[in-house]
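Here the structure is a predicted model, which means the values were calculated and not measured.
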Amino acid sequence: MVDNSRMFLDPQLEKAELRLKLLQKRKALSPAEWQEKSHRICGNLQCTDLYQNSLTILAYISFRQEPDLSPLFSDKTHQWGLPRCVNKQLVWHRYSSGDTLKSGKYGILEPMSDAPLLQADEVDLILVPSVGCDRQGYRLGYGGGFYDRLLSLPQWQSKPTVGILFGFGDLLQLPIAFWDKPLQAVCTEVGWRQIPSE
């Protein structure tokens, strides 16, 4: 019997339509809702063994009402890393709360180019900004493929990844393409969900 559960006519078109709907929901959050949900995401994340046992964590600066992780950056028990877009790749730099950031190519705040670099072998955990995630850990991003390219590189493939998103983006199933890489866990304001390993 053929399993049709993951047969989509045009995964990229379906992703684009779904992305638009979820981004509209995110944009409709009031500032108070956005902050409250973001605060709960941070709290749920901090309660996990994966977070507590990680020394160096890659994160992001919130853009267009992504969940705000900035309260975590004052946690001095962790070393933080933020991405800078260079061509079509993400380059990671060390970050401490209060370090200077500048607006990058896409209008996202990024570390300065001369900030100390972080290499893959120093990293314990990657917090991945996500528009949506499904039960199998597949992620809906923004369509640029930055994280898919990163996570396909040998030095990054073994790193634990957690999709950070609001609860309305935690979906049963997403259309996927062959290059999509599943995440290991999902964290929303509702709670933490580990993805079962196949």
Side-chain angles (χ1 to χ4, degrees), residues 1-29 33-34 37-38 40-41 44-45 58-69 82-92 104-110 125-154 156-198:
M1 183 175 171
V2 177
D3 180 7
N4 293 322
S5 62
R6 285 206 170 270
M7 289 187 175
F8 294 89
L9 293 177
D10 186 341
Q12 293 310 101
L13 182 60
E14 292 200 40
K15 280 185 177 183
E17 292 173 353
L18 186 55
R19 181 182 297 116
L20 184 61
K21 288 178 184 174
L22 292 175
L23 288 176
Q24 286 172 339
K25 278 190 174 185
R26 198 171 78 186
K27 188 178 178 181
L29 291 173
E33 281 180 303
W34 170 71
K37 289 176 185 289
S38 295
R40 282 164 49 195
I41 288 171
N44 289 336
L45 192 57
L58 302 185
Y60 62 88
I61 296 292
S62 174
F63 183 67
R64 293 181 179 167
Q65 292 217 136
E66 289 173 323
D68 179 17
L69 298 181
L82 292 179
R84 191 168 60 89
C85 293
V86 178
N87 298 321
K88 291 288 187 181
Q89 303 297 327
L90 294 177
V91 176
W92 295 90
K105 181 179 176 183
Y106 299 98
I108 301 170
L109 290 176
E110 299 180 338
L125 174 62
I126 307 174
L127 306 181
V128 184
S130 306
V131 179
C133 280
D134 72 6
R135 294 284 117 180
Q136 289 73 42
Y138 287 101
R139 166 183 174 266
L140 181 66
Y142 297 94
F146 285 93
Y147 281 90
D148 290 320
R149 283 189 292 275
L150 179 80
L151 299 175
S152 68
L153 296 173
W156 293 102
Q157 286 179 354
S158 64
K159 302 297 176 182
T161 51
V162 179
I164 305 295
L165 64 153
F166 293 120
F168 53 73
D170 194 9
L171 307 170
L172 189 62
Q173 187 176 11
L174 281 170
I176 61 168
F178 69 88
W179 58 79
D180 289 330
K181 305 289 180 187
L183 306 173
Q184 274 81 56
V186 169
C187 189
T188 73
E189 75 276 14
V190 177
W192 167 274
R193 179 166 59 79
Q194 194 78 28
I195 305 299
S197 53
E198 293 183 354

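- You'll find the side chain of Leu150 reaches within 4.5 Å of the side chain of Trp92, heavy atoms only.
- Asp134 places a side-chain N or O within 3.5 Å of a backbone atom of Gln136 that can act as its donor or acceptor partner.
- Between Pro83 and Tyr147, the shortest heavy-atom contact is CG-OH, 4.3 Å.
- Nearest heavy atom pair, residue Pro175 against residue Asp180, reads O-OD2, 4.3 Å.
- Looking at heavy atoms from C-beta onward, Leu165 lies out of side-chain contact with Leu140 at the 4.5 angstrom threshold.
- Of the candidates Ile108, Val91, Ile61, Leu82 forms a side-chain contact (heavy atoms from CB on, under 4.5 Å) with just one, namely Ile61.
- With Arg193 contributing its side chain and Thr188 its backbone, the two residues share no donor-acceptor pair below 3.5 Å.
- How far NZ of Lys21 is from NZ of Lys25: 9.5 Å, rounded to the nearest 0.5 Å.
- In this structure the side chain of Phe168 reaches within 4.5 angstrom of the side chain of Leu29, judged on heavy atoms.
- A cation-pi arrangement is present between Arg149 and Phe146, with the terminal nitrogen or guanidinium carbon under 6.0 Å from the aromatic centre and inside a 45° cone about the axis.
- Side-chain N or O atoms of Arg19 include one that pairs as donor or acceptor with a backbone N or O of Gly141 at under 3.5 Å.
- One N or O on the side chain of Arg139 and one on the backbone of Pro129 form a donor-acceptor pair closer than 3.5 Å.
- At a threshold of 4.5 Å between non-hydrogen side-chain atoms, the residues Asp170 and Val190 do not count as touching.
- In this structure, Tyr106 OH and Tyr142 OH are separated by 13.5 Å, a value rounded to the nearest 0.5 Å.
- A distance of 11.5 Å separates CZ of Arg64 from OG of Ser62, quoted to the nearest 0.5 Å.
- Inter-residue side-chain proximity for Ile195 and Gln184 is flagged as unmet; no heavy-atom pair is nearer than 4.5 Å.
- In plain terms, the two heavy atoms of Ser130 and Leu183 that are nearest each other are OG-CD1, 4.2 Å.
- For the pair Lys15/Leu174, no side-chain contact is recorded, criterion being any heavy-atom separation below 4.5 Å from C-beta on.
- Judged as a ring pair (Phe, Tyr, Trp, His ring centres under 6.0 Å), and not counting sequence neighbours, Tyr60 has no contacts.
- The two residues Cys85 and Glu110 come nearest to each other via the heavy atoms N-OE2, 3.0 Å.
- Taking CG from Leu58 and NZ from Lys159, the interatomic distance works out to 9.0 Å, rounded to the nearest 0.5 Å.
- Salt-bridge check for Lys37 with Glu189: passed, with a basic side-chain N closer than 4.0 Å to an acidic carboxylate O.
- Under a 3.5 Å cut-off, the side chain of Trp192 and the backbone N or O of Ile41 do not form any donor-acceptor pair.
- Between Ile164 and Cys187 the shortest side-chain heavy-atom distance falls below 4.5 Å.
- Residues Leu151 and Ile126 form a side-chain contact, since some pair of their non-hydrogen atoms from C-beta on lies under 4.5 Å apart.
- Of the inter-residue distances, the one linking Lys181 atom NZ with Ile176 atom CD1 reads 11.0 Å to the nearest 0.5 angstrom.
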